[in-house]
Amino acid sequence: MGYVTQDEWDSHYGAGRSFRPLDDSEHELLRELVPSPPGGGHALDVGCGLGEFARHLAATGYTVDGVDYAPSAITLALAEPTSSQPAGKAQLWFVALWNPRYVQASPLLTDIKAELDRLKPDMKRVSSARQGLMDELSDRLAASPEFDDVILLEGRHQVRQTVEQYIGVWRSVNDVRVQLGEEKFERFLDYARQRIGDAETVETTYLTRAWAARRAAL
Ligand SMILES: C[S@@+](CC[C@H](N)C(=O)[O-])C[C@H]1O[C@@H](n2cnc3c(N)ncnc32)[C@H](O)[C@@H]1O
């Protein structure tokens with residue numbers, strides 16, 4: 001499987017693929033290992049997928065929050081029949097985290113990025129497409145009857161990297177590397193090194209945004 005991105009997980013569930021349900025011995029083992037405390041406990045199932053573990057915990061008395069960043073998983077999890085289970089109290093949350101580099105905060109990094117446009121004016125960046133999606137995510141969640149309690153957190157932080165760490169980050173940006181081709185890509189990295197000059201470190205600002213939206217009871 002080896003999925004990494006949110007899109008891959010979203011397509012996985014969207015295409016009807018899932019994981020096998022817990023069998024009786026696994027239910028039994030979980031009841032032994034994580035019995036709900038007297039009066040019920042509160043559990044958080046991170047990466048809940050279709051909610052198999054969340055439903056088990058809810059059935060044993062926990063109040064459960066399940067979070068997953070694949071919208072298709074949350075939609076399908078809510079559609080799963082729960083009638084064979086005792087009344088549970090599962091709540092499901094959609095959560096997503098996005099933390100791109102905030103290049104505008106640095107004239108040096110803005111200039112290095114501009115070199116990309118000079119080398120390939122028609123460059124298609126995966127990050128730009130995602131930027132558009134993320135810019136409208138809060139509005140889309142707020143407008144959707146399927147979610148309520150939309151929460152958006154945003155913060156910036158600085159990371160200081162050695163020049164080679166900074167260059168290493170660019171080396172891992174595959175879409176740029178493939179579109180530029182090896183020769184232009186090396187020219188681009190040379191340009192970056194030359195602009196950084198004698199500085200020993202490069203400071204990058206990251207912009208982190210986190211969304212959480214509770215699945216409405218429909
Ligand atoms: C291997 S599946 C497990 C699903 C479920 N817990 C189960 O056992 O059936 C991993 C799940 O984690 C979710 N996931 C992976 N990275 C995530 C992230 N950064 N934030 C939220 N969910 C994430 C995926 O969408 C996927 O549903």
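Just so you know, ligand 1 is whichever comes first in the structure, and atom 1 is the first atom listed for that ligand.
- If you look at Trp9 next to ligand 1, the close heavy atoms, those under 4.0 Å, all belong to the side chain.
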In residues 99-108, what donor-acceptor pairs under 3.5 Å come from side-chain atoms, sequence neighbours left out?
unit_1	atom_1	unit_2	atom_2	d
Ser106	OG	Leu108	N	3.3
Ser106	OG	Leu109	N	3.0

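- Salt-bridge formation is not detected for the pair Glu164/Arg171: no Lys NZ or Arg NE/NH1/NH2 atom is positioned less than 4.0 Å from an Asp or Glu carboxylate oxygen.
- Checked against a 3.5 angstrom limit, the closest N/O atoms of Glu52 and ligand 1 fall outside it.
- Annotation: Asp45 places no N or O atom under 3.5 Å from an N or O atom of ligand 1; distance criterion only.
- A centroid separation of less than 6.0 Å is found between the aromatic rings of Trp170 and Phe188.
- The pair Glu26-Arg20 counts as a salt bridge, with a side-chain nitrogen and a carboxylate oxygen less than 4.0 angstrom apart.
- Between Arg177 and Asp175 there is no salt bridge, since no side-chain N of the basic residue sits under 4.0 Å from a carboxylate O of the acidic one.
- Taking a 4.0 Å cut-off on heavy atoms, Tyr13 registers as neighbouring ligand 1.
- The shortest separation from a heavy atom of Val67 to ligand 1 is not under 4.0 Å, leaving the residue out of contact.
- Only the side chain of Phe53 comes within 4.0 Å of ligand 1, judged by heavy-atom distances.
- Taking all heavy atoms of Phe19, Tyr3, Tyr69 into account, the minimum distance to atom 23 (C) of ligand 1 is reached by Tyr69.
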Going through the distances and angles, do Thr201 and Arg160 end up as a side chain to side chain donor-acceptor pair (under 3.5 Å)?
-> CA-CA 6 Å; Thr201 57; Arg160 192 168 283 285; 3.0 Å; yes
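- Summarising the contacts of atom 12 (O) of ligand 1 with Gly47, Ser18, Cys48, the nearest heavy atom is found in Gly47.
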